[in-house]
Number of protein chains: 2
Amino acid sequence: MRTPEELTERFRALGLKVTPQRQGVFHALWGNDSHPTAEAIWDRVRETMPTVSLRTVYQVLNDLIDLGEIGAVRLGTSSVRFDPNIDGHDHFVCRGCGRVHDVHATAMVELPADHYPDFEVEATQIVFRGRCPACARITAVPS
Amino acid sequence: MRTPEELTERFRALGLKVTPQRQGVFHALWGNDSHPTAEAIWDRVRETMPTVSLRTVYQVLNDLIDLGEIGAVRLGTSSVRFDPNIDGHDHFVCRGCGRVHDVHATAMVELPADHYPDFEVEATQIVFRGRCPACARITAVPS
DNA sequence: GTGCCAATCAACAAGTCATGTTGATTGCCA
DNA sequence: TGGCAATCAACATGACTTGTTGATTGGCAC
Ligand SMILES: [Mn+2]
Ligand SMILES: [Mn+2]
Ligand SMILES: [Zn+2]
Ligand SMILES: [Zn+2]
């Protein structure tokens with residue numbers, strides 16, 4: 001996503017009002033690589049703006065998705081997570097702590113065209129599941 | 001998953017009763033590569049057993065998951081899909097018709113260990129999205 | 001065969017997640 | 001300064017899945 005300042009400009013240019021609620025969401029997302037849920041964003045915004053409603057947070061997040069500023073990450077568990085990183089990357093989901101990490105897989109994954117002719121691949125999503133370093137340490141056998 | 005006959009044996013061996021409802025779900029799943037939802041299974045079972053309840057279908061499907069006989073495929077859209085194929089494979093989701101196809105990706109996808117030390121990968125899930133041959137044909141430019 | 005008890009049923013309720021609605025109020029910005 | 005977009009509270013809706021309860025059925029061990 002763009003910086004909160006750039007988003008402010010873009011919203012104004014589009015005739016959208018730059019409200020404190022929207023700016024609160026901008027800042028809650030900026031530099032946030034935790035793949036937060038809408039509720040997590042809500043909690044962060046409420047720290048400085050206790051009266052903001054969850055409904056509005058959802059609204060702003062969906063506006064940002066429609067503008068292509070952020071992405072939605074659906075990992076099959078519970079709620080949608082929001083990702084200010086829209087560059088191509090993959091995800092690692094820890095089964096211990098539930099955290100989602102950005103990763104970059106080595107190989108370019110492709111469908112073998114000879115086996116799947118006429119399949120038009122437009123997007124590829126890779127999800128690794130396992131234990132993150134912190135959670136692996138906990139249950140690791142002590143030497 | 002095992003054949004309906006083998007499942008019958010396994011259920012009996014576990015002290016579970018082999019009811020017509022359970023056998024109906026067994027047969028609805030056997031050889032079914034359409035990644036059906038619970039409702040789709042329900043529809044198929046009701047063809048020969050009109051009184052079966054959706055609640056029971058859900059129950060049997062979850063029992064089969066607990067026994068490791070089938071898998072649950074969550075693709076971020078609407079409802080859970082059930083997969084009698086539990087061998088390692090990937091999926092292609094068509095944005096045209098919504099169908100889910102089994103595919104096998106070529107490259108062995110890995111996390112580069114030098115970049116992600118101590119990450120313990122236990123499972124890798126690859127989802128391709130695009131258009132299946134049938135849907136690609138529809139909007140293809142006629143020659 | 002008989003009988004126990006698991007399984008199923010109908011009919012609800014509940015819970016989660018996300019969005020729609022409405023009418024009043026606020027406040028951004030031309 | 002004023003128009004109107006945005007937000008608010010409060011509630012409803014909707015899809016999907018599971019829980020519950022009390023009654024009924026029927027599989028299967030004996
Ligand atoms: Mn990410
Ligand atoms: Mn499959
Ligand atoms: Zn972890
Ligand atoms: Zn298709």
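What's counted below: heavy atoms across the whole structure, side chains too, no hydrogens, waters or symmetry copies. Quick note on labels: first sequence line is chain A, next is B, and so on, each numbered from 1.
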Presence of salt bridge, Glu9(B) and Arg2(B), under 4.0 angstrom
no
Lys/Arg-Asp/Glu bridge criterion (N-O < 4.0 Å) met for Arg131(B), Asp118(A):
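Judged by the 4.0 Å cut-off on N to carboxylate O distance, Arg131(B) and Asp118(A) do not form a salt bridge.
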Mind calculating the distance between [atom1] ([X]) and [atom2] ([N]) to the nearest angstrom?
{"X": "Gln21(B)", "N": "dT25(D)", "atom1": "CD", "atom2": "P", "value": "13 Å"}
{"X": "Leu14(A)", "N": "dA30(C)", "atom1": "CG", "atom2": "C1'", "value": "16 Å"}
{"X": "Glu39(A)", "N": "dT19(C)", "atom1": "CD", "atom2": "P", "value": "13 Å"}
{"X": "Tyr58(A)", "N": "dT19(C)", "atom1": "OH", "atom2": "C1'", "value": "9 Å"}
{"X": "Arg46(A)", "N": "dA9(D)", "atom1": "CZ", "atom2": "P", "value": "10 Å"}
{"X": "Asn62(A)", "N": "dG20(C)", "atom1": "CG", "atom2": "C1'", "value": "13 Å"}
{"X": "Lys17(B)", "N": "dC9(C)", "atom1": "NZ", "atom2": "P", "value": "14 Å"}
{"X": "Trp42(A)", "N": "dT7(D)", "atom1": "CH2", "atom2": "P", "value": "15 Å"}

His104(B) versus Asp90(B), side-chain donor and acceptor atoms under 3.5 Å:
no
Do His35(A) and His101(A) pair up side chain to side chain, a donor and an acceptor below 3.5 Å, judged on atom types alone?
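Side chains of His35(A) and His101(A): no pair found under 3.5 Å.
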Residue-phosphate contact under 4.0 Å: [X] side-chain N/O, [N] OP1/OP2:
{"X": "Ser79(A)", "N": "dT16(C)", "answer": "no"}
{"X": "Ser53(B)", "N": "dC9(C)", "answer": "yes"}
{"X": "Thr19(B)", "N": "dT8(C)", "answer": "yes"}

Any base atoms under 4.0 Å from Arg22(B), or only sugar-phosphate, or nothing? Heavy atoms, all strands.
sugar-phosphate
Check every strand shown and say whether Arg12(A) touches a base, only sugar-phosphate, or nothing at a heavy-atom separation below 4.0 Å.
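Counting heavy atoms under 4.0 Å across all strands, the contact made by Arg12(A) is with sugar-phosphate only.
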Selected nucleotide, minimal atom distance to Ser78(B) side chain, candidates dC17(C), dT7(D), dC16(D)
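Side chain of Ser78(B) sits closest to dC16(D).
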Could you walk me through whether Phe119(A) and Phe128(B) pass the ring pair (Phe, Tyr, Trp, His ring centres under 6.0 Å) test, one step at a time?
CA-CA 10 Å; Phe119(A) 275 80; Phe128(B) 298 93; 9.5 Å; no
Take Phe82(B) and Asp63(A), find for each the nucleotide of DNA chain D with the closest heavy atom, and name the residue whose nucleotide sits nearer the 5' end.
Asp63(A)
